[in-house]
There are 2 protein chains.
Amino acid sequence: MGEIELVLKKHQIRPTAIRLLMYRFLTEKNVAVTLNDIEAGFDKSERTTLYRTIKTFEKKGLVHQIDDGTGVAKYALDENTLKVGDSQDLHLHFHCTKCNETTCLTDHKIPHISLPKGFVSKDMNLVIKGICDKCSNT
Amino acid sequence: MGEIELVLKKHQIRPTAIRLLMYRFLTEKNVAVTLNDIEAGFDKSERTTLYRTIKTFEKKGLVHQIDDGTGVAKYALDENTLKVGDSQDLHLHFHCTKCNETTCLTDHKIPHISLPKGFVSKDMNLVIKGICDKCSNT
DNA sequence: GAAAAACATGCAACTAAAGTGCATAATTAA
DNA sequence: TTAATTATGCACTTTAGTTGCATGTTTTTC
Ligand SMILES: [Mn+2]
Ligand SMILES: [Mn+2]
Ligand SMILES: [Zn+2]
Ligand SMILES: [Zn+2]
């Protein structure tokens with residue numbers, strides 16, 4: 001049994017063909033991908049199935065959705081897909097306005113923010129927009 | 001000439017009837033509003049015109065768009081609509097997952113974030129999700 | 001003040017992404 | 001092996017955002 005298969009099983013995801021392929025696809029990318037990216041990465045592809053697959057991954061804690069402000073949802077593998085349970089990273093995301101790529105800066109956690117009285121924080125999303133390393137080194 | 005009329009003119013926006021109404025509508029709200037909210041706030045309303053109006057306001061630096069992760073754009077008046085010129089606030093936004101309201105926390109600026117080498121920051125968006133003061137005091 | 005130019009509005013139509021319903025296929029449980 | 005569950009494929013719907021174009025209104029020019 002392959003390693004990917006084990007990862008999926010650990011997350012209670014039945015390792016079907018498409019799921020194995022999508023997981024591999026995600027590991028090969030080091031930036032967040034849209035559903036369109038995923039769709040383009042497969043010859044034989046059924047949009048709905050890919051959609052439901054990535055949503056399954058999300059629900060089971062294998063990937064996290066990123067809203068970088070472009071209006072289309074992006075997805076990236078969680079940092080530690082080997083460990084189960086949400087280890088809520090709350091790292092920040094960088095969106096390059098030149099190449100349109102969005103990167104997980106997993107080493108950069110969102111700093112603590114003090115809120116006005118009565119406000120209770122449950123989750124955070126910090127997106128920094130600018131020029132990425134690849135695009136600035138040209 | 002009314003005060004609102006002057007504010008619009010200062011921002012190089014021709015003070016038409018709808019624009020005056022929308023500006024007043026925005027000042028009366030203390031939370032960010034969607035285009036649907038705006039539309040619902042007017043008896044006689046043409047969605048496209050309201051859309052173009054809010055976009056004009058945005059372009060002219062009267063309102064800023066907020067992406068709180070719900071998938072629908074929200075808008076709120078800039079802090080100092082009396083001053084012209086983008087005084088890029090970069091304050092944080094709070095989205096209440098209970099009442100779905102999004103609030104500008106204009107006093108809470110986004111802290112400085114250090115980025116990896118090569119990454120250049122141009123803009124930031126920090127949204128905190130949780131329970132707002134109104135919803136937690138019940 | 002009349003004509004021309006610029007800008008605003010209303011209506012229809014389009015786009016893109018997200019999501020649902022349902023039939024069929026495949027897998028797992030009984 | 002049968003029944004139950006889950007996955008997949010296809011069509012279709014929903015919603016937000018956006019554009020094209022004709023008409024209305026305001027501003028500029030002469
Ligand atoms: Mn990430
Ligand atoms: Mn704001
Ligand atoms: Zn880039
Ligand atoms: Zn609330």
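Just so it is clear: chains get the letters A, B, ... in the order the sequence lines come, proteins before strands, and each one is counted from 1. Note: hydrogens, waters and symmetry copies are ignored here, and every other heavy atom, side chains too, is used.
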Between [atom2] of [N] and [atom1] of [X], the distance in whole Å:
X      : N       : atom1 : atom2 : answer
N36(A) : dA18(C) : CG    : C1'   : 11 Å
L50(B) : dT19(D) : CG    : C1'   : 17 Å
R14(A) : dA7(D)  : CZ    : P     : 5 Å
I18(B) : dG24(D) : CD1   : C1'   : 12 Å
I38(A) : dT8(D)  : CD1   : P     : 14 Å
R19(B) : dC7(C)  : CZ    : P     : 11 Å
D37(A) : dA18(C) : CG    : P     : 11 Å
I54(A) : dG19(C) : CD1   : P     : 13 Å

**Prompt:** Do you know which of K55(B), E58(B), H64(B) makes side-chain hydrogen bond (donor to acceptor under 3.5 Å, both in side chains) with Y75(B)?
**Reply:** K55(B)
**Request:** Using a cut-off of strictly less than 4.0 Å, decide whether T49(A) has a side-chain nitrogen or oxygen near OP1 or OP2 of dG9(D).
**Result:** yes
**Prompt:** Closer than 4.0 Å, any side-chain N/O of R47(B) to the OP1 or OP2 of dA12(C)?
**Reply:** no
**Request:** Check every strand shown and say whether T16(B) touches a base, only sugar-phosphate, or nothing at a heavy-atom separation below 4.0 Å.
**Result:** sugar-phosphate
**Asked** Checking all strands, does R52(A) fall into the base, sugar-phosphate, or nothing category for heavy-atom contacts under 4.0 angstrom?
**Response** base
**Complete:** Looking only at heavy atoms, the pair that brings K74(A) and N100(A) closest together is NZ-O, 2.9 Å
**Asked** Taking 4.0 angstrom as the limit, do E79(B) and K109(B) come out as a salt bridge?
**Response** yes
**Request:** Using the closest heavy atom to pick a nucleotide of DNA chain D for each, name whichever of A17(A) or Y51(B) lands nearer the 5' end.
**Result:** A17(A)
**Prompt:** Does any N or O in the side chain of R19(A) come within less than 3.5 Å of the main-chain N or O of R14(A), such that one atom is a donor and the other an acceptor?
**Reply:** yes
**Item:** Pair H93(A) and H91(A), ring centroids less than 6.0 Å apart
**Value:** yes
**Asked** Of I13(B) and E46(B), whose closest DNA chain C nucleotide lies nearer the 5' terminus?
**Response** I13(B)
